[in-house]
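Within every chain, numbering begins at 1; the chains are lettered A, B, ... in the order of the sequence lines, protein sequences first and strands thereafter.
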There are 2 protein chains.
Amino acid sequence: MTASSSRARRTDALSNRARILAVAGDAFAASSNTSMTTIAKQAGVGVGTLYRHFPTREALIVELYHHEIQKVIDLAHTLAAELPPLDALRRWFEEVAHYGKLKYGFSEVIHAATNGGLDDKNYEPFVRAIAVLLDAGAASGDLKRDLDAEDVLLQLSVLWRIPPGEDAATRATRLLNLILDGLRARPAPPPGSPG
Amino acid sequence: MTASSSRARRTDALSNRARILAVAGDAFAASSNTSMTTIAKQAGVGVGTLYRHFPTREALIVELYHHEIQKVIDLAHTLAAELPPLDALRRWFEEVAHYGKLKYGFSEVIHAATNGGLDDKNYEPFVRAIAVLLDAGAASGDLKRDLDAEDVLLQLSVLWRIPPGEDAATRATRLLNLILDGLRARPAPPPGSPG
DNA sequence: AGAAGTACCGGAAGGGCTTCCGCTTAATTT
DNA sequence: AAATTAAGCGGAAGCCCTTCCGGTACTTCT
């Protein structure tokens, strides 16, 4: 059922693409700001070819971490099914913060999507994963009911903008708690409290 | 008491600096991503001169909006003194969001500071302004007691990363509410509630 | 006024991202 | 097997930010 309109992709194009991904994986692992030119050179192709396959630096990165991103997205669904809503949310946030620190594919997805680039292919599943977690919390009454998944995603993006340093982990935890508390349903104030 | 070590600044340097600032003000107002080269050209100086006066693009922007930034910082102190803590905080956040949208000097300050650039000259007053607001809230019991001003600043930075669009204002408000709820002191859960 | 000293200027140059387009060559047709 | 066609290639070129340094021209001293 694959819509192969006219011709199949050329084999050299295929192998180039694969080689670029392999090289880029190593390159970014070594230094996260390796230049496109360098990657092209190492892969033995011209910049033009690199850009034909990945129209943007961010596109390349997103493609690279595609699998890891998918794993995290899947995790959201698993957690939502297996844990109490609040725990699920917290666990997932922690996972996101962790990955965001190590690799930084997430950060790129958010940034690209947030800044109008990138089609929804990568962004939307992320949003839906959050929505699942939020829905579970809304159903159980632990979370507010009118939460917007994109809002939450935006808040999460703060987690990987924490400047690196020895207290980074502590800050991440603190911020995570603040975010979570913001999402939690507020108990009604006791009657007769000062207005 | 000014430490004028050897000589006074040259008059051409002074006038160049002033002209650059004037030109840059207009240029950024017209298009926030005007290039340094363009600004230099419009100011009738070489890029080298531009960079001698403002070692970085962000430095130029920060200097440009210095006054506005100071105004917002002052406002924090005023509000803290005049309004109930929660109202003061909300009002101030709204102001920050507003300015951040219009100009974007703030965004640059945060970004620069967050990414290790920029000395504290611009960053610290911002943090202290927040601290004042937080302290007032802690004293009145409306806010949590152990809040970190830098954490809150980081959260605020989300406000000016909202993608522009017709619903931007709505989203800003929603996010602002989430952030505020995260900062508010949580009433103790009623005794006997499910753990 | 003239000379000396140096703060400051200007723009070439290096490195980055991305676009463009003439040429190559794999895939397909005859 | 030769011819045809267009997918794909490569790298020059445009624009950006920033650095560097030889030359200029304010200031100051005599």
Side-chain angles (χ1 to χ4, degrees), chain A residues 2-24 27-28 30-64 104 107-108 111-112 115-119, chain B residues 2-24 27-28 30-64 104 107-108 111-112 115-119:
Chain A
T2 307
S4 65
S5 43
S6 50
R7 277 184 214 204
R9 312 266 300 269
R10 265 164 57 168
T11 58
D12 55 345
L14 255 46
S15 75
N16 277 338
R17 189 173 195 285
R19 200 146 22 83
I20 288 172
L21 278 174
V23 165
F28 282 134
S31 167
S32 63
N33 57 350
T34 309
S35 77
M36 294 298 264
T37 308
T38 302
I39 290 174
K41 205 163 292 177
Q42 284 184 14
V45 301
V47 245
T49 300
L50 174 49
Y51 273 89
R52 160 170 284 270
H53 286 291
F54 307 98
T56 249
R57 193 168 200 284
E58 274 164 356
L60 171 57
I61 293 175
V62 167
E63 184 65 29
L64 256 182
Y104 63 89
S107 152
E108 298 299 325
H111 183 256
N115 291 7
L118 225 60
D119 56 304
Chain B
T2 307
S4 64
S5 42
S6 48
R7 277 185 214 201
R9 315 260 306 262
R10 263 165 56 171
T11 58
D12 55 345
L14 254 45
S15 76
N16 277 337
R17 189 175 195 282
R19 199 144 24 82
I20 288 171
L21 278 174
V23 165
F28 282 133
S31 168
S32 64
N33 57 350
T34 309
S35 76
M36 293 297 263
T37 309
T38 302
I39 291 175
K41 205 163 292 177
Q42 284 184 14
V45 301
V47 246
T49 300
L50 175 49
Y51 275 89
R52 159 169 285 271
H53 286 291
F54 307 97
T56 250
R57 195 169 199 284
E58 274 164 356
L60 171 58
I61 293 176
V62 167
E63 185 64 28
L64 255 182
Y104 64 89
S107 152
E108 298 299 324
H111 183 256
N115 291 6
L118 225 59
D119 56 305

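Straight-line distance from the CD1 atom of B/I39 to the P atom of D/dT18: 11 Å, rounded to whole Å. The CZ-C1' distance, from B/R17 to C/dC9, rounds to 16 Å in whole Å. Atoms CZ (B/F54) and C1' (C/dC9) sit 15 Å apart, rounded to a whole Å. One can place CD of B/E58 at 14 Å from C1' of D/dC16, the figure rounded to the nearest angstrom. Summarising the geometry, the separation between NZ on A/K41 and P on D/dA12 is reported as 11 Å, rounded to the nearest angstrom. For the pair A/R57 CZ and C/dT18 C1', the computed distance is 12 Å after rounding to whole Å. Rounded to whole Å, the distance from CG on B/L50 to P on C/dC8 is 15 Å. Atoms OH (B/Y51) and P (C/dG15) sit 17 Å apart, rounded to a whole Å.
When all heavy atoms of B/L50 and B/M36 are compared, the closest pair comes out as CD2-O, 3.2 Å. Contact detail for A/T34 and A/A27: the closest heavy-atom pair is OG1-O, 3.2 Å.
When atom types are taken as modelled, the side chain of A/S31 and the backbone of A/F28 share no donor-acceptor pair closer than 3.5 angstrom. When atom types are taken as modelled, the side chain of B/S35 and the backbone of B/T38 share a donor-acceptor pair closer than 3.5 angstrom.
In terms of phosphate contacts, A/T37 brings no side-chain nitrogen or oxygen within less than 4.0 Å of OP1 or OP2 of C/dG15. Between B/T49 and C/dC8, a side-chain N or O to OP1/OP2 separation shorter than 4.0 Å is absent. In this model, the phosphate group of C/dC17 is not approached by any side-chain N or O of A/T56 to a distance below 4.0 Å at OP1 or OP2. Regarding contacts with the backbone of C/dC8, every side-chain N or O of B/H53 stays at 4.0 angstrom or more from both OP1 and OP2. Of the side-chain N and O atoms in B/S35, none sit less than 4.0 angstrom from OP1 or OP2 of D/dC15. Between A/N16 and D/dG8 there is no side-chain N or O to OP1 or OP2 distance below 4.0 Å.
Nearest-nucleotide positions on DNA chain D place A/R52 closer to the 5' end than the other of B/V47 and A/R52. Between A/G48 and A/T38, the residue whose closest nucleotide on DNA chain C is further toward the 5' end is A/T38.
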Using nucleotides 23-30 of chain D, report all nitrogen or oxygen pairs with the protein that are shorter than 3.5 Å.
unit_1: D/dT27; atom_1: OP1; unit_2: B/T11; atom_2: N; d: 2.7
unit_1: D/dT27; atom_1: OP1; unit_2: B/T11; atom_2: OG1; d: 2.7

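For the pair B/V62 and B/F54, the minimum side-chain heavy-atom distance is 4.5 Å or more.
The OH atom of B/Y51 lies 9.0 Å from the CG atom of B/L60; values are rounded to the nearest 0.5 Å.
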Would you mind writing out the side-chain donor-acceptor pairs for residues 12-20 of chain A within the sub-3.5 Å range, not counting sequence neighbours?
unit_1: A/D12; atom_1: OD1; unit_2: A/R10; atom_2: NE; d: 3.3
unit_1: A/D12; atom_1: OD2; unit_2: A/R10; atom_2: NH2; d: 3.0
unit_1: A/S15; atom_1: OG; unit_2: A/D12; atom_2: O; d: 3.1
unit_1: A/N16; atom_1: OD1; unit_2: A/R19; atom_2: NH2; d: 2.5
unit_1: A/N16; atom_1: ND2; unit_2: A/D12; atom_2: O; d: 3.4
unit_1: A/R19; atom_1: NH1; unit_2: A/A43; atom_2: O; d: 2.3

